[in-house]
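Remarks on the structure that follows.
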Amino acid sequence: MHSILANNRGYLAVIIIGTSLVGLIAALLVSNYFSQIELQKVALEQLKSDTEKRAGAVSYFFLERENDLRNLAEKRQLSIFFENKALEMSMEYGLRDSLLSISKVFERFLMDRKLGVDVIYNRIALIESSGAVLVDRSREASPGGREKELKKFLDPERREPAIIVDQEGPRQRITISLAYFFKDRYAGQIVAWISSKSLYNNLVKGTGLASKRFTTIVDQNGQPLYQRAEPPEEAVFSSIPPFTDTAAEEVHRYESVRKDDARVEMIATRTPIKDTPFFLVTVSPASEVFGHTSPGYLLLIVGTLSLALLGGMAVVVRSDFRKKQELEREIADRQQAEEAFSSLVSHAPMGIFIIQDDTYIMINPGFEAITGYRQEELVGQNSKCLVPLGYKEMMGEEAVKRLKGRTSTPFEFQFITKSGETRWGIETVAPTQFGGKRAILGYFMDITERKQLEIQFLQAQKMEAVGRLAGGVAHDFNNILGVIMGYAETIMEMCLGKDDPIYSKAEWIEKSAHKAAALISQLLAFSRKQILKPHVLNLNAVVTNFEKMLRRLIGEDIDLVKFIDQELGLVKADSGQIEQIIMNLAVNARDAMPNGGKLTIETANVYLDQDYAQGHEGVTPGPHVMLAVSDNGTGMDAETLSHIFEPFFTTKGIGKGTGLGLATVYGIVKQSGGHIWVYSEPGQGTTFKVYLPRVEEAVEKPKTKEVASTFLEGNETILVVEDDAGLRELISTVLCKHGFKVLEAAHGGEALLLCEKKKAPIHLMLTDIVMPQISGSTLSEHLRPIHPEMKVLYMSGYTENAIVHHGVIDTEVNFIPKPFRMLDLVRKIREVLDATSAS
């Protein structure tokens, strides 16, 4: 009985020990199973996180491409081309040069944009709204489709850059397209082809040779846009089941069939690439994510380990060791992706920040460089601490719109740097997660220089529009003034003497007409359509010769100080117009110093470099001569400075100025090929600086004037060609009165018919230049074979014609500007007729 009990106790001990061991092993295996389940979740989240980060980097890449196209559309070469086209410039002198300029800009665009060592773009084209291909630059041997194929990109609705897929046969290309508008009218389309290979190699491809994970970009139909030409990669993507349209982010488990018909379980994750029609898909073998252990093995392992405890523990240790290796590899991959993202943020040439609960919690070095604030100075501060008061509420409203998806257009705003300077920025924000909480991820760029150039360009456009209006009015108005002045002279000649009451009234008519002519002259000066006679001169000589008159002009209570550069270079300009510049600036300075002060005139040689030219619209780098006029008067604020060159703008009281003085200065400087800039502050005075291009020619010697003949009568035959009936009748009457035989023609066609019938000599043709049907210069060419003895005297009040180029008269042309006195016209005709052929 004792032995039985002892055996029973032994069996019981064995059973208890065995059961305890099996229970312990089972508990360890169950714990290991749940640990594996948690590890699988972590691995899947890591896979999804890696895909999301890659998608974020690609989204950021596409956002930069949109900014590339916006910046390209703002290039001045594009606006110059469509401006020339609107003005119907010839291909030889306007459009062709503009297209060559755009082509060079596009060529640099293709070469300069790189991702790592790879170029970003394969091709870029500019398509006119009519479908004509204006520019097509490509890095490929043949750019492919021409007009017919490129017309499909025309879309005036794409006012913002859009990422689209260009299907060219079996190939798919990623393109970015932007509608280009000129003066609010659809002018054409800018299309750029993004290098799918460069995008793939730098931002998309998988973790390395040791992993069988593949990543690519797909369109909305699930078609890969680019993949390596390798059979394994083709197999895994061709086997992916279709993703549903309702889910923005999904995970699929499926089987991929290899060449040897073996089936491999795969896991595919898809993440949308923000603000694009594409998705990022990552495909990985399930074994790399979940390992090889499954719940079905649990009972078998428990039974096996109950019979062989040590062998079972070895399997567990081995399984844990393998899982640890896989987890370490996944962690290393995740760290590599995080390091790449961190490097991208750290080296990005823009400000990147994260805001949580309306406070900064992270800024990158680019943010520090733009604002001047270090990270420790801003972290914890309110997110609107750098924004001026007037923009705070607007910034909040715009941020809400973007976070709710109502708009994706970047927002322009002003911000204040650490130094106190107010600058312009453009910002984009998006929702994100940081530390498990909702946050805002944003980036912005400093666009201050671009905004300043926009303001200068808009101001130049406004000035150009007013100038065109003034130049267009001048031609007809000068004809009207010519008639008024001519008949006033005629009336005065008919009077019995200066005591005649009619004489004084006619004299008032003539004086008023001259005042109107002077006003038109100022408008033509502003609009750069006045007629100049430039020659090489030294500005020091002009200042010195004009000094006596200038001292009388400014008065005794203002000191005139000169700083003259004795080594001053030469310029090519009209000396009379330079004197007018000095006079108008001096009058402006005198009015700014009602209680007296100091007027300083300075000349100097300067060199305007590339940096200066980039910040000042229309400046060409190179050597210049500077003429500066300064005063220590009341000065001007920024608002007044933005309008001072506009015609009819004045700060003086009613009746104390026309507002054309500085507008005239502006026009003269621009027509002379120079630039003018003003610097002023309230209470600190004002300085105007005029820059004229320096020339290397010799100073021209003044020509001796011939004494005009006092004998104005004649019996020669004069052909008068003038489309204004009133002026033509007046000229004919005056010439007949002086003994000339006059033939009249209202236009070029009538003049041609008249000359073909007239066999007797015609000694001189007096013709207007701007006429319907045929211009005066063309008419002269047609009549030269018929009447080779005929001399020509041109007249005009407008400069855009064949004998006056950019306001400069050809030296060998006989010319009289409108409006003119009738006596001056007769004297000029007598002078031309009396001149010898040699002269």
For the backbone of Val119 and the side chain of Ser198, can you confirm whether one donor and one acceptor N or O come within less than 3.5 Å of each other? yes
Could you tell me the separation between the CG atom of Asn67 and the CE atom of Met445, rounded to the nearest 0.5 Å? 4.0 Å
Nearest heavy atoms of Ala55 and Leu280, plus distance in Å: N-CD2, 3.3 Å
Is there side-chain contact between Phe153 and Thr175, with at least one heavy-atom pair below 4.5 Å? yes
A side-chain contact here means heavy atoms from C-beta on lying under 4.5 Å apart; do Ile163 and Ile273 qualify? no
For a 4.5 angstrom cut-off between non-hydrogen side-chain atoms, does Ile102 reach Leu134? no
Which value, rounded to the nearest 0.5 Å, describes the distance between Phe62 atom CZ and Thr276 atom OG1? 6.0 Å
Can you classify the ring geometry of Phe367 versus Phe444 as parallel (below 30°), tilted (30 to 60°) or perpendicular (above 60°)? perpendicular
Smallest heavy-atom separation, His675 atom then Val669 atom, equals N-CG1, 3.4 Å
Salt bridge or not between Asp68 and Arg65? Use side-chain N to carboxylate O under 4.0 Å. yes
Minimum-distance pair of heavy atoms, taken over all atoms of Val191 and Ile127: CG2-CD1, 3.8 Å
Minimum-distance pair of heavy atoms, taken over all atoms of Ser129 and Leu154: O-CD1, 3.6 Å
Of all the heavy-atom pairs spanning Ser672 and Pro693, show the shortest one and how long it is. O-CD, 4.4 Å
Side-chain heavy-atom pair Asn71, Phe109 within 4.5 angstrom cut-off: no
To the nearest 0.5 Å, atom NZ of Lys151 lies from atom OG of Ser130 at 7.5 Å
Atom of Ala125, atom of Asp136 and distance for their closest heavy-atom approach: CB-OD1, 3.9 Å
Expected output: side-chain Asn364 to main-chain Ile352 donor-acceptor under 3.5 Å: yes
What's the verdict on side chain to side chain contact (heavy atoms under 4.5 Å, CB included) for Tyr691 and Trp677, showing C-alpha distance, side-chain angles and the deciding distance? CA-CA 9 Å; Tyr691 299 100; Trp677 304 104; 3.7 Å; yes
With a 4.5 Å heavy-atom cut-off, do Asp446 and Phe415 have their side chains touching? yes
As an exercise, state the distance from CD of Glu74 to CD1 of Ile447, rounded to the nearest 0.5 Å. 8.5 Å
Is the closest side-chain donor-acceptor distance between Thr269 and Thr51 under 3.5 Å? yes
If you define the side chain from C-beta out and look only at heavy atoms, does anything of Leu178 sit under 4.5 Å from Leu72? no
Is a side-chain donor or acceptor of Gln189 paired with a backbone partner of Asp155 at a separation under 3.5 angstrom? yes
Decide side chain to side chain contact (heavy atoms under 4.5 Å, CB included) for Trp193 and Leu110; before the verdict, give the C-alpha distance in whole Å, the side-chain angles of both, and the deciding distance to 0.1 Å. CA-CA 10 Å; Trp193 283 258; Leu110 287 177; over 6 Å; no
Find out whether Arg158 and Ile164 are in side-chain contact, i.e. whether some heavy atom of one side chain is under 4.5 Å from a heavy atom of the other. yes
Report the distance from atom CD of Glu52 to atom OG1 of Thr282, rounding to the nearest 0.5 Å. 10.0 Å
Does some side-chain heavy atom of Arg173 sit less than 4.5 Å from a side-chain heavy atom of Arg123? no
How long is the gap from CD on Gln77 to CG on Leu126, to the nearest 0.5 Å? 12.0 Å
Set out, in order, the CA-CA distance, both residues' side-chain angles and the distance that settles side chain to side chain contact (heavy atoms under 4.5 Å, CB included) for Tyr180 and Ser79, then state yes or no. CA-CA 10 Å; Tyr180 183 79; Ser79 64; 4.0 Å; yes
Are Ile363 and Glu368 close enough, and set up right, to give a side chain to side chain contact (heavy atoms under 4.5 Å, CB included), and what steps lead you there? CA-CA 7 Å; Ile363 63 173; Glu368 296 178 349; 3.8 Å; yes
Establish, for the pair Arg270 and Phe279, whether the NZ or CZ atom is under 6.0 angstrom from the six-membered ring centre and no further than 45 degrees off its axis. yes
